[in-house]
Amino acid sequence: MPNTSWCSFGYTVMGSPSGSAQNNRSGVLSAMSWLSYDGANAYSASKAAAWSLTNGIRLELAGQGTTVAGLYLASTDTDMMAGWDVEKNDPADVVRAALDGIEAGRMEILADDNSVQLKAALSADPSVLYPQTVPAA
C-alpha cells in the first residue's frame with residue numbers, strides 16, 4: 001500500500017519519503033460538496049470550497065509525485081451526526097471504502113451510494129436535485 005496520511009482538511013506538502021514508491025495525501029470531505037439544502041447553505045459552500053481546494057492541491061503536488069485523494073461520504077454515524085435521526089453509514093464501511101479507493105489509486109473515493117448518486121447528478125439540470133425550485137405549472 002502507498003504511504004498514506006489522512007487529514008481532515010490540511011495537506012502536508014512534501015515529496016515522497018525515501019524508499020517509498022508513492023506518496024499519497026487524502027482529505028475527508030462530504031457529499032455536501034455537491035448538494036445544498038435550506039438551512040445548510042454555509043456548510044455546503046464550505047464543503048464545495050474544500051472540494052475545489054482538493055482539486056487545486058492535487059494539481060500543485062502532482063509535479064513532486066504526490067497524489068491527493070478526496071474521500072466523500074454522506075451521513076455517517078459519528079459524534080457530529082449523533083443528534084440527527086437519519087440513515088447513517090457505518091464508519092467501518094467508510095474506512096473499507098477509503099482503503100479500497102486508495103489501493104485502487106482513485107482520486108475521488110465515493111464511500112456510499114448517496115455520494116455516488118450525488119456526484120452523478122452534477123451534470124444534470126439543477127431542477128433534478130432541487131425540484132422544489134421549479135415553478136408550479
Undergrad: Please give me the minimum heavy-atom distance between Tyr72 and Ser33, naming the atom from each residue.
TA: CE2-OG, 3.9 Å
Undergrad: State the CD-OH distance between Gln132 and Tyr37, to the nearest 0.5 angstrom.
TA: 13.0 Å
Undergrad: Locate the shortest heavy-atom distance separating Ile109 from Ala69; write the atom from each residue and the value.
TA: CD1-CB, 4.1 Å
Undergrad: Between Val116 and Leu35, is there a shared hydrophobic cluster once you connect ILVMFWY residues whose side-chain heavy atoms come closer than 4.5 Å?
TA: yes
Undergrad: Would Val94 and Leu71 count as a side-chain contact (heavy atoms from CB on, under 4.5 Å) here? Give the steps.
TA: CA-CA 9 Å; Val94 172; Leu71 171 65; 4.0 Å; yes
Undergrad: Are Leu29 and Met80 connected in a single hydrophobic cluster, I mean Ile/Leu/Val/Met/Phe/Trp/Tyr linked by side-chain heavy atoms less than 4.5 Å apart?
TA: no
Undergrad: Which value, rounded to the nearest 0.5 Å, describes the distance between Thr76 atom OG1 and Glu87 atom CD?
TA: 11.0 Å
Undergrad: Please report the interatomic distance CE(Met107) to CG(Asn55), rounded to the nearest 0.5 Å.
TA: 8.5 Å
Undergrad: Work out which heavy atom in Ala97 is nearest to a heavy atom in Ala111; give both atom names and the distance.
TA: CB-CA, 3.8 Å
Undergrad: In Å, rounded to the nearest 0.5 Å, how long is the span from CZ of Arg58 to OG1 of Thr66?
TA: 12.5 Å
Undergrad: Are there more than 12 heavy atoms of other residues, nucleotides or ligands under 6.0 Å from atom CE of Met81?
TA: yes
Undergrad: Kindly give the heavy-atom pair with the smallest separation between Ser44 and Ser36, and that separation in Å.
TA: OG-CA, 3.4 Å
Undergrad: Do the non-hydrogen side-chain atoms of Leu73 and Lys88 ever get within less than 4.5 Å of each other?
TA: no
Undergrad: Is there a path from Leu118 to Tyr43 through hydrophobic residues (I, L, V, M, F, W, Y) whose side chains come within less than 4.5 Å of each other?
TA: no
Undergrad: Search all heavy atoms of Asn114 against all heavy atoms of Ala74 and return the closest pair with its distance.
TA: CB-CB, 3.7 Å
Undergrad: Can Leu53 be reached from Met32 by stepping across I, L, V, M, F, W or Y side chains whose heavy atoms are under 4.5 Å apart?
TA: no
Undergrad: So, Ser115 and Asp112: side-chain donor and acceptor under 3.5 Å apart, yes or no?
TA: yes
Undergrad: State, to 0.1 Å, how close Leu129 and Trp34 come at their nearest heavy-atom pair, and which atoms those are.
TA: CD1-O, 4.0 Å
Undergrad: Within this structure, what is the OG-CG distance for the pair Ser75 and Asp85, rounded to the nearest 0.5 Å?
TA: 11.0 Å
Undergrad: With side-chain contact (heavy atoms from CB on, under 4.5 Å) as the criterion, how do Gln117 and Leu110 come out once you've worked through the C-alpha distance, each side chain's angles and the decisive distance to 0.1 Å?
TA: CA-CA 10 Å; Gln117 292 169 8; Leu110 308 179; over 6 Å; no
